[in-house]
Amino acid sequence: MSAHAEPSRREKAPRRAETVLAHIGTSSDPGTGALTAPIYLSTAYAHPGLGASTGYDYTRTANPTRDVLQSALAQIEGGTAGFATSSGMAAAELVVSLAAPGSRIVAAEDIYGGTYRYFDELAKTGVYDVDFAIGEQGLCAALSKPADLVFIETPTNPMMVEIDIERIVDMGRRAGAIVAVDNTFYTPIFQRPLESGADVVLHSATKYLGGHNDVLAGAVIVSREDLAEKLAVRLNMTGATLGPFDSWLLMRGMKTLALRMERHQDNARKVAAALEESPLIDRVHYTGRGGMLSFVPNESVDMPKVLESVRLFTFAESLGGVESLITCPAVQTHADVPRERRMGYGLTDDLLRLSVGLEHWRDLVDDLLGALEVSIRRR
Ligand SMILES: *Cc1c(COP(=O)(O)O)cnc(C)c1O
């Protein structure tokens, strides 16, 4: 065995997500040995000569700080390439660009309200032939006809229904479609869609990946080289890339992703159990995985009062941060989904969604139960 065989094999050993995350950017700058990735704000890069490049020319095309982030994104999702975008919606737009105008898109209906609004607009303006489908059955039925792209979110938002990715991949393949999965809720810590055969994973990195409610960002990760090339060309063309400073903030947040997800999940399990036991609750929607859940208070509770009475949970529209949030999807995140459509899949006016944070679970349970208690209607 040659003296060099061992190190090269060790370098190639695949690393687990926790390890990749803890080391994002470590040794990315051999010149200085900086432990964390430097923020390269420079938008332009000097050319060594005519037709020569350091690998960096202009920041829209490539930026050293964003590259460190993109490489980590690809690794944690088990993809060949990752792209950091200016928001989760920019990530969705990038994914949709993989389908030629006029082609058929099958989209799950029970998805993030903004993504629904985008697909609805594409359908209304005739850019694509968009078919919305409810649940796994609905998706499979829609995929019995040829399609170019199938776009799902699992678990669904805010009903928390898991969709079998492998089954959708199987049906999608037969329909001739690229399979895209929004993995914002579970993150690669709990779900790796590319390993289940999906072609594309996307994230609103604003949520769990960033984790601190202080950076708006999106991510797209692909498993196929041909898709990676298309996305690189498209992103350079449209320019919805993530800036160097935001790339750095996102990396900083991601370093603790694995740890945070475990605690989000532990806390959510305890909150879900406490709600299940409360006589003031009609239904709890929780899959047992991750930090998101939704619930419906019963008739004796004045729902708007609950939103005013919580002290630890903040009544705000996002999710995935260290602090717990509570939202009313019907009037906030899903306001653009027509009432009869959302009622069709169970998103009623009084359903509340929780993003369970990293506080002590007892304090969270006390806050929720206390808010429910003071919101009982007086007769
Ligand atoms: C928030 C969110 C989006 C949109 O992302 P932005 O970063 O707000 O543009 C897309 N999908 C899901 C599941 C989300 O929660």
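Whatever order the structure lists them in is the order used to number ligands and atoms, beginning at 1. Just so it is clear, the structure is predicted and the values come from calculations on it, not from any experiment. The residues of the chain are indexed from 1 along the displayed sequence.
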Between ligand 1 and the protein, give all atom pairs where both partners are nitrogen or oxygen and the distance is under 3.5 Å, as lines of names plus distance to 0.1 Å.
from, atom 1, to, atom 2, distance (Å)
ligand 1, 5 (O), Ser204, OG, 3.0
ligand 1, 7 (O), Gly88, N, 2.8
ligand 1, 7 (O), Ser204, OG, 2.8
ligand 1, 7 (O), Thr206, OG1, 2.7
ligand 1, 9 (O), Gly88, N, 3.0
ligand 1, 9 (O), Met89, N, 2.9
ligand 1, 11 (N), Asp182, OD2, 2.8
ligand 1, 15 (O), Lys207, NZ, 2.7

Next item on the list: Quickly, which of Asp110, Asp336, Asp349 forms a salt bridge (Lys or Arg N to Asp or Glu O under 4.0 Å) with Arg342? Name it, please.
Entry: Asp349

Note to self: Regarding Arg174 and Asp170, does a basic nitrogen lie under 4.0 Å from an acidic carboxylate oxygen?
What the structure shows: yes

Item checked: Distance, nearest 0.5 Å, that separates CG of Leu372 from CG of Leu352 -> 8.5 Å

Check: Does a side chain donor of either Tyr56 or Asp67 reach within less than 3.5 Å of an acceptor in the other side chain?
Finding: yes

Check: So, are Lys124 and Asp120 salt-bridged, with charged N and O less than 4.0 Å apart?
Finding: yes

Item checked: Arg341 atom CZ, neighbour heavy-atom count above 12 within 6.0 Å -> yes

